[in-house]
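Working notes, beginning with the structure itself.
Position 1 is the first residue of the sequence; numbering continues from there.
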Amino acid sequence: MRLLCLLLLVSSSLQQGSGLLLPLTNTLASLRPNNDTSSIHSLLRSSSLRSAARHQRRRGRHSTRRVPPPRHRQLSLPLAPGSDYTLSLSVGPPSMASSVSLFLDTGSDLVWFPCAPFTCMLCEGKPTAGNHSGPLAPPIDSRRISCASSLCSAAHSSAPTSDLCAAARCPLDAIETNSCASHACPPLYYAYGDGSLIAHLRRGRVGLAASMAVENFTFACAHTALAEPVGVAGFGRGPLSLPAQLAPSLSGRFSYCLVAHSFRADRIIRPSPLILGRIPDAAAIGPSETDFVYTPLLPNPKHPYFYSVALEAVSVGETRIKARPDLGYVDRAGNGGMVVDSGTTFTMLPSDTFARVAEEFARAMAAARFTRAEDAEAQTGLAPCYHYSPSDRGANRAVPPLALHFRGNATVALPRRNYFMGFERQDGRPVGCLMLMNGGGDDDDGGGPAGTLGNFQQQGFEVVYDVDAGRVGFARRRCTDLWDSLTRR
């Protein structure tokens with residue numbers, strides 16, 4: 001019955017004034033609700049590995065095999081349930097529209113999904129995010145994008161249209177006279193942490209809700225993929241992203257509020273609200289604009305689709321730990337800053353900053369007489385871990401508070417469950433682990449972002465991407481109450 005109610009909620013949407021409300025579904029919802037310790041261990045392990053792989057890919061490093069990085073993007077896509085959030089779109093003409101579920105990703109700027117015929121290598125056992133009917137045929141009302149289009153150039157990292165039309169086998173005389181409109185944009189190759197895909201750019205009708213559709217929406221149809229059977233709705237800063245292709249009232253700002261889950265499917269009782277644009281009366285059902293703390297977006301000339309911000313310090317208890325300098329700026333090569341990312345699970349910090357945070361956290365935990373649980377660290381990929389019972393109120397009070405300090409005097413005090421999660425080991429003994437991770441960056445030769453703010457640390461906050469104002473904001477929310485309030489209005 002609960003699953004039925006959830007499906008009914010997820011299928012609903014609401015448009016109010018200049019804002020649009022859509023439901024986000026955590027991929028945990030596709031799993032059976034249970035508290036099986038081996039399942040939680042598996043989810044923690046896969047999510048920690050995936051977070052590390054995604055961050056390392058962005059820094060030009062690979063933890064396993066080497067793949068030459070694509071010229072145009074550094075993308076890594078979801079690998080495991082429990083790590084990601086999906087939204088549903090409809091594609092095709094109204095009379096023949098088909099639904100497709102895509103991962104929400106603020107770290108990329110392209111909307112793509114599998115199209116028949118579709119071959120996915122090494123995809124056995126991977127979640128399909130509710131796309132049980134399989135890949136869709138390219139929508140009959142869609143058409144290929146021309147090689148001479150600026151959108152084709154944008155998808156190929158601003159490559160000259162002459163080069164793209166040459167790759168599309170447009171004759172030289174047509175290239176010289178700008179007469180290649182009938183030649184399609186060459187296929188796109190995307191590589192990411194543990195896979196890749198080839199896709200064609202198309203344009204057609206895409207619906208976000210019963211009352212909201214874009215007739216000439218640009219998306220990519222993937223016919224071949226490695227290890228990734230589900231598409232992505234890119235929400236990054238770029239002309240091909242989903243928000244950028246909406247009406248001005250919707251494109252300049254969006255926010256989401258991720259429901260806390262602790263990797264337990266039985267806690268996913270409501271969708272996470274995604275708000276495109278601004279709902280005029282939102283302040284009446286939650287924090288007002290003054291309740292948000294805002295930090296400015298940093299320009300990123302190399303990777304303009306990233307939402308990069310400046311992390312200045314991390315507080316553990318009363319101790320304020322200064323962040324490494326490159327977390328506070330982005331240079332001309334696109335190196336530095338912290339990316340606010342819906343598609344990475346755990347926050348990644350440079351190794352020296354993480355070491356000082358973990359050391360101070362360990363010192364406070366030792367002073368409170370917590371003992372290390374090193375076997376849990378080996379099983380989950382998280383550290384440090386301790387013997388800890390979430391039901392012990394005294395133990396909960398002894399865990400030191402943790403806050404992130406961003407530029408602009410924007411302090412985000414994390415709820416305990418966002419940075420220290422309790423769960424049972426496989427032998428049934430309760431433990432808890434620090435839910436931040438070491439992102440490396442001291443000795444490697446990679447560039448890219450210095451850190452990543454993951455979605456696990458964003459739970460229980462409304463996170464506002466105010467592109468028009470050039471800032472990102474945070475406000476504590478009860479996300480289930482926000483969903484209920486908005487859908488009742």
remark   = Applying salt bridge (Lys or Arg N to Asp or Glu O under 4.0 Å) to R205 and not counting sequence neighbours gives E215
request  = Quick one: do T344 and R54 satisfy side chain to side chain donor-acceptor pair (under 3.5 Å)? Show the steps, please.
outcome  = CA-CA 7 Å; T344 298; R54 183 175 174 96; 2.8 Å; yes
inquiry  = According to salt bridge (Lys or Arg N to Asp or Glu O under 4.0 Å), who are the partners of R372, at least two apart in sequence or on a separate chain?
reply    = E377
task = Please determine if D468 and R278 form a salt bridge, counting it only when a charged side-chain N lies under 4.0 Å from a carboxylate O.
result = no
inquiry  = On a heavy-atom basis, which atom in G107 and which in D341 lie closest, and how many Å separate them?
reply    = N-OD1, 3.5 Å
Donor-acceptor under 3.5 Å (N396 side chain, P390 main chain) = yes
inquiry  = When you measure from the side chain of S98 to the backbone of V91, do you find a donor-acceptor pair of N or O atoms at a distance under 3.5 Å?
reply    = no
Atom of P271, atom of V259 and distance for their closest heavy-atom approach = O-CG2, 3.7 Å
ask   = Is the backbone N or O of T27 less than 3.5 Å from a side-chain atom of D84, with the two atoms forming a donor-acceptor pair by type?
value = no
task = Over all heavy atoms of both residues, which pair between Y419 and L414 is shortest? Give the atoms and the distance, please.
result = CE2-O, 3.5 Å
key: Verdict with supporting geometry, D109 and R237, salt bridge (charged side-chain N to carboxylate O under 4.0 Å, His left out)   = CA-CA 6 Å; D109 64 347; R237 305 165 72 185; over 6 Å; no
Under the ring pair (Phe, Tyr, Trp, His ring centres under 6.0 Å) test, residues paired with F420 that sit two or more places apart = F361, Y388
request  = Without swapping roles, check the side chain of T106 against the backbone of V340 for a donor-acceptor pair under 3.5 Å.
outcome  = yes
key: CZ/R417: more than 12 non-hydrogen atoms of other groups inside 6.0 Å   = no
request  = Assess the pair F423 and F263: is the distance between their ring centroids shorter than 6.0 Å?
outcome  = no
key: Derivation and outcome, salt bridge (charged side-chain N to carboxylate O under 4.0 Å, His left out), residues R476 and D291   = CA-CA 9 Å; R476 284 292 302 274; D291 294 315; over 6 Å; no
key: Heavy-atom donor-acceptor pair, H223 side chain to P117 backbone, under 3.5 Å   = yes
Donor-acceptor contacts, no H, no angles, side chain residues 428-439, under 3.5 Å, sequence neighbours left out:
residue : atom : partner : partner atom : Å
N438    : OD1  : G440    : N            : 2.8

inquiry  = Donor-acceptor check, side chain of T295 to backbone of V472, threshold 3.5 angstrom: yes or no?
reply    = no
inquiry  = Which heavy atom of N455 sits nearest to which heavy atom of S342, and what is that distance?
reply    = ND2-O, 2.9 Å
message = Please check this pair: side chain of S48 against backbone of L382, looking for a donor-acceptor N/O pair closer than 3.5 Å.
response = no
message = Could you measure the distance from the CD1 atom of I321 to the OG1 atom of T353? Nearest 0.5 Å is fine.
response = 9.0 Å
message = I'd like to know if the side chain of S241 reaches the main chain of G238, judged simply by a donor and an acceptor atom lying under 3.5 Å from each other, with no hydrogens or angles considered.
response = yes
task = Return the set of residues passing ring pair (Phe, Tyr, Trp, His ring centres under 6.0 Å) with H405 (not counting sequence neighbours), or none when no residue passes.
result = none
inquiry  = Exactly one of Y465, W483, F235, Y85 should register a ring pair (Phe, Tyr, Trp, His ring centres under 6.0 Å) with Y256. Which one does?
reply    = Y465
query = So how far is it from C479 SG to D484 CG, rounded to the nearest 0.5 Å?
reply = 11.5 Å
ask   = What do the steps show when you test R356 against E359 for salt bridge (charged side-chain N to carboxylate O under 4.0 Å, His left out), and what is the final call?
value = CA-CA 5 Å; R356 285 183 286 134; E359 181 181 3; over 6 Å; no
key: Heavy-atom donor-acceptor pair, Q245 side chain to V214 backbone, under 3.5 Å   = no
request  = For residues 312-321, pull every pair meeting salt bridge (Lys or Arg N to Asp or Glu O under 4.0 Å), keeping only residues two or more places apart or in separate chains.
outcome  = E312-R407
inquiry  = Using modelled atom types and a 3.5 Å cut-off, is there a donor and acceptor pairing between side-chain atoms of Q459 and backbone atoms of L258?
reply    = no
Shortest non-hydrogen contact from L298 toward A310 = CD1-N, 3.8 Å
key: Shortest non-hydrogen contact from A244 toward S251   = CA-CB, 4.3 Å
key: Note, L44 side chain near Q379 side chain (heavy atom, < 4.5 Å)   = no
